[in-house]
Amino acid sequence: MNNRNFNQSFSITVNSCKGFAILLVVLGHIQSPLGSFIYSFHIPLFFFIGGIFVNPDNSVIEFFKKNARRVFVPYFIFGLLGLVVNAIKEVVLGRERQSVLDELVGLFWWMDIDHLQHYGFVLWFLPALFWARAFVFLLIKYMKINVILLLILVLVFSSYILESQILPLALDKGVVALPWVMAGYIFAKYKKNLLRNSIWKLLFFILGFLVIYSFDLLLPLDMARNSVDNIYLVFSCTSFLSYFLVFLFVNFNFLLQRYPFLTVFGIESMLVLVLHAYLNNVFHLIVEHYFNGEWYLKFLCTVAVLSLLIFIKGKYNENKIFSFVRKQT
């Protein structure tokens, strides 16, 4: 496969992995039997994918300008929207209103899930991803040392941050996410060798799954609250699963091209991220009232409406109203 075909195939693969990950996010915010499994690796997978797109060849100004716009414009727009919708909901239901000042401080200063007590709770991920990618970008660009050694150093530093106090601007979440973003960058750097088929890779994946399953090593975690019991074990297992998923999708790329559902959801992952909490809540009420609360119906209804919104966005993608939820890379 020549470079052009490989890069095109890899782009489809990565977007499909993002689509798979964002659907896990949607399902993870619905009470289902799969909740503990999903929470054991879906956010690390997203950070891993985020590291694939870090390009140290960009200038510092170019990198920060491009990434800040992609992250913080939707963060503040949908954060403010979440505050407004939540305020209307509390007034309609006759609930006691939270302090507006506390809500604004949470949105503009803390930026973490415990201070985003509204429909924008999912937005904590955006500043965390921004800082993690920014740190990796600067480390790779200015620290001319072996990337594996650098990965070990950031893993140790992240384990230290887990024990520290919460930092403003979601800086602590960004540092905790550093190892996965760094791993994604390293994976992208050596992707051709890592994605080449061989009997040894097959044996590696089989052995890896046997070890993880036999010793129950896939631990539940909550990266939104820095709840990671053993970051070294969690990092190893979730990075292995992320690598396997990309490898699997590369080998089934022909199916992903023929049935681009996951690819489309990956391309539009920002739109899905910022809207799914509203839809989950709406269909939770409907399904609980009319269909005995079946979790899979909530999920299917949310995905169906998201698919419709993605279709509409595709028709009017050049409209300025969609400028803050463009394709994310």
Side-chain angles (χ1 to χ4, degrees), residues 16-43 45-46 74-75 77-98 103 106-107 113-126 220-222 224-225 259-317 319 321-322 324-325:
S16 297
C17 288
K18 286 173 64 180
F20 179 72
I22 196 63
L23 288 173
L24 289 181
V25 170
V26 175
L27 183 55
H29 292 145
I30 296 172
Q31 289 186 349
S32 76
L34 303 174
S36 59
F37 171 72
I38 290 171
Y39 272 87
S40 66
F41 79 99
H42 74 310
I43 296 301
L45 172 61
F46 246 126
Y75 171 84
I77 288 177
F78 285 95
L80 290 170
L81 177 63
L83 291 180
V84 171
V85 172
N86 194 61
I88 294 173
K89 177 182 175 181
E90 289 177 341
V91 169
V92 171
L93 297 178
R95 296 175 179 172
E96 183 179 352
R97 285 281 294 119
Q98 297 183 39
E103 291 178 331
L107 178 65
I113 193 169
D114 289 325
H115 291 89
L116 297 173
Q117 297 295 319
H118 48 78
Y119 287 102
F121 70 95
V122 297
L123 299 174
W124 73 269
F125 172 81
L126 296 178
L221 70 154
D222 185 359
R225 295 182 173 87
Y259 306 105
F261 176 79
L262 287 178
T263 306
V264 171
F265 264 73
I267 292 171
E268 302 297 349
S269 57
M270 180 67 79
L271 183 69
V272 177
L273 177 70
V274 298
L275 292 182
H276 80 273
Y278 299 92
L279 295 174
N280 276 358
N281 191 59
V282 169
F283 289 116
H284 170 78
L285 296 175
I286 293 174
V287 173
E288 286 289 332
H289 186 75
Y290 294 104
F291 301 101
N292 299 319
E294 298 291 351
W295 63 268
Y296 58 87
L297 287 179
K298 301 174 189 177
F299 177 67
L300 291 174
C301 290
T302 297
V303 171
V305 175
L306 286 170
S307 300
L308 177 61
L309 293 174
I310 289 172
F311 173 78
I312 294 171
K313 179 178 179 291
K315 289 290 185 181
Y316 303 98
N317 196 48
N319 194 300
I321 195 172
F322 294 115
F324 44 82
V325 284

task: Considering non-hydrogen atoms only, spot the tightest contact between Leu45 and Ala21 and give its length.
output: CD2-CB, 3.7 Å
- request: Over all heavy atoms of both residues, which pair between Leu83 and Glu103 is shortest? Give the atoms and the distance, please.
  value: CD2-CB, 3.6 Å
field: Side-chain touch Ile267/Thr263, heavy atoms, less than 4.5 angstrom
entry: yes
- request: Look at the aromatic rings of His29 and Phe121 and report parallel, tilted or perpendicular, splitting at 30° and 60°.
  value: perpendicular
field: Side chain to side chain, Leu273 and Phe78, heavy atoms closer than 4.5 Å
entry: no
message: Looking at every non-hydrogen atom in both residues, tell me the closest pair between Phe265 and Ile22 and how far apart they are.
response: O-CG2, 3.9 Å
- request: Over all heavy atoms of both residues, which pair between His276 and Thr302 is shortest? Give the atoms and the distance, please.
  value: O-CG2, 4.3 Å
- request: Kindly indicate whether the side chain of Phe283, heavy atoms from C-beta on, has any atom under 4.5 Å from the side chain of Ile30.
  value: no
query: Which class fits the ring pair Tyr39 and His42: parallel under 30°, tilted 30 to 60°, perpendicular over 60°?
result: perpendicular
- line: In this structure, CD of Glu294 is separated from CG of Leu300 (nearest 0.5 Å) by 11.0 Å
task: Would you please test His118 and Val85 for side-chain contact (heavy atoms from CB on, under 4.5 Å) and show each step?
output: CA-CA 8 Å; His118 48 78; Val85 172; over 6 Å; no
message: Tell me whether Asn280 contacts the main-chain N or O of Lys298 through its side chain, where contact means a donor paired with an acceptor under 3.5 Å.
response: no
- prompt: Between Asp222 (side chain) and Ala224 (backbone), is there a donor-acceptor pair under 3.5 Å?
  reply: yes
- request: For Gly120 and Leu116, work out which heavy atoms get closest and say how close.
  value: O-CD1, 3.7 Å
- request: Report, as yes or no, whether the 6.0 Å neighbourhood of atom CD on Glu288 holds more than 12 heavy atoms from other residues, nucleotides or ligands.
  value: yes
Closest approach of Pro74 to Met270 (non-hydrogen atoms, all atoms of both residues): CG-CE, 3.8 Å
query: Which residues satisfy the salt bridge (charged side-chain N to carboxylate O under 4.0 Å, His left out) test with Glu90, sequence neighbours excluded?
result: Arg97
query: Counting N and O atoms only, with roles assigned by atom type, does the side chain of Tyr75 sit under 3.5 Å from a partner on the main chain of Leu107, one being a donor and the other an acceptor?
result: yes
query: Which value, rounded to the nearest 0.5 Å, describes the distance between Asn292 atom CG and Leu297 atom CG?
result: 9.5 Å
- request: Please list all pairs passing the ring pair (Phe, Tyr, Trp, His ring centres under 6.0 Å) test where one or both residues lie in residues 284-304, with sequence neighbours left out.
  value: none
task: Could you tell me whether the side chain of Val26 reaches within less than 4.5 Å of the side chain of Leu279, counting heavy atoms only?
output: no
